[in-house]
Amino acid sequence: MGYIHCCGGLHKCRTFHLMPQKNFTETELDYLKSCPVCGHTVVQLTRIDSDNKISVVRKVNKKALEFFKKLKNEILYEIKPVKTDIPRGSFYLNYNEYGVRKRCYSNLSALKIGLTENKELSTAKTL
């Protein structure tokens, strides 16, 4: 699954692998049926040549539909994303900050473990 940039954001789209055209090693077609913001249909053809130079052809609305119909015969297969299951546990790190018991859910780098208020330290600085 690829992404197409439209209306200031990346939107998920369908990605197809095409037969390589002459002088190109790889050819992919990204198809966004309708942008969730503006409703435009967007088709983007990305090609890589033998010198690893990338060329991009992008069409919108009517021209995009005509361009997609024209290239439909050259589609070899659709690239489907591989779904991976990430194991998620229910463990939370309990810690103590200033005498208050808390739970850390995600950001371990921002933890301040073992901090205690030291009233004597603040009076020692004023001497």
Side-chain angles (χ1 to χ4, degrees):
M1 178 167 295
Y3 292 91
I4 287 184
H5 189 271
C6 186
C7 299
L10 293 174
H11 303 289
K12 289 183 181 179
C13 63
R14 295 174 66 188
T15 302
F16 301 98
H17 188 78
L18 302 177
M19 290 189 310
Q21 300 167 349
K22 67 176 188 176
N23 301 328
F24 292 101
T25 57
E26 282 190 44
T27 308
E28 285 189 359
L29 181 74
D30 295 321
Y31 175 68
L32 179 65
K33 188 170 183 176
S34 67
C35 174
V37 179
C38 63
H40 290 162
T41 301
V42 182
V43 173
Q44 181 172 315
L45 178 70
T46 307
R47 301 178 293 188
I48 300 175
D49 66 359
S50 57
D51 296 330
N52 288 332
K53 294 181 182 174
I54 298 174
S55 67
V56 177
V57 178
R58 181 183 170 102
K59 305 283 183 181
V60 181
N61 289 335
K62 275 188 180 179
K63 290 184 181 181
L65 290 173
E66 292 170 6
F67 190 61
F68 183 70
K69 287 177 185 175
K70 178 181 168 185
L71 293 176
K72 204 171 191 178
N73 296 333
E74 297 182 22
I75 293 176
L76 295 176
Y77 57 90
E78 182 176 354
I79 300 172
K80 300 270 184 175
V82 177
K83 293 184 179 180
T84 57
D85 290 334
I86 300 171
R88 295 186 177 111
S90 61
F91 172 75
Y92 299 106
L93 178 63
N94 293 321
Y95 68 100
N96 193 352
E97 183 178 17
Y98 299 115
V100 179
R101 192 169 177 202
K102 294 185 176 181
R103 276 189 171 175
C104 175
Y105 294 98
S106 61
N107 194 359
L108 296 176
S109 63
L111 278 180
K112 299 175 183 173
I113 297 176
L115 291 179
T116 58
E117 268 188 73
N118 194 349
K119 296 178 183 175
E120 297 169 9
L121 184 62
S122 61
T123 58
K125 288 183 181 179
T126 58
L127 294 176

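These numbers come from the heavy atoms of this one structure, side chains and all, not from hydrogens, waters or symmetry mates.
You'll find the side chain of Arg58 reaches within 4.5 Å of the side chain of Ile4, heavy atoms only. Between Pro36 and His11, the closest side-chain pair of non-hydrogen atoms falls below 4.5 Å. Residues Thr46 and Thr27 are not in side-chain contact: their nearest non-hydrogen atoms beyond the backbone lie 4.5 Å or more apart. Within the 4.5 Å cutoff, no side-chain heavy atoms of Leu45 are placed close to those of Glu28. A heavy-atom distance below 4.5 Å is found between the side chains of Phe24 and Ser55.
When the side chains of ILVMFWY residues are joined at heavy-atom separations under 4.5 Å, either directly or via intervening members, Leu71 and Met19 end up in two distinct hydrophobic clusters. Hydrophobic cluster membership differs between Val57 and Val42, with clusters built from Ile, Leu, Val, Met, Phe, Trp and Tyr side chains linked at under 4.5 angstrom. Cluster membership for Val37 and Leu32, using ILVMFWY side-chain heavy atoms within less than 4.5 angstrom, is not shared. In this structure, Val43 is a member of the same hydrophobic cluster as Leu65, with clusters built from ILVMFWY side-chain heavy atoms closer than 4.5 Å.
Between Arg47 and Glu26, none of the side-chain N atoms (NZ, or NE/NH1/NH2) sits under 4.0 Å from a carboxylate O, so this pair counts as no salt bridge.
Screening Phe67, Tyr3, Phe68, Phe16 against Tyr31 for a ring-ring contact (aromatic ring centres under 6.0 Å, His included) leaves a single residue, Phe68.
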Original post:
Between Asp30 and Thr15, is a side-chain hydrogen bond (donor to acceptor under 3.5 Å, both in side chains) present by the stated rule, with each step listed?
Top reply: CA-CA 5 Å; Asp30 295 321; Thr15 302; 2.9 Å; yes
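Asp51 contributes no side-chain N or O that, together with a main-chain N or O of Lys53, makes up a donor-acceptor pair within less than 3.5 Å.
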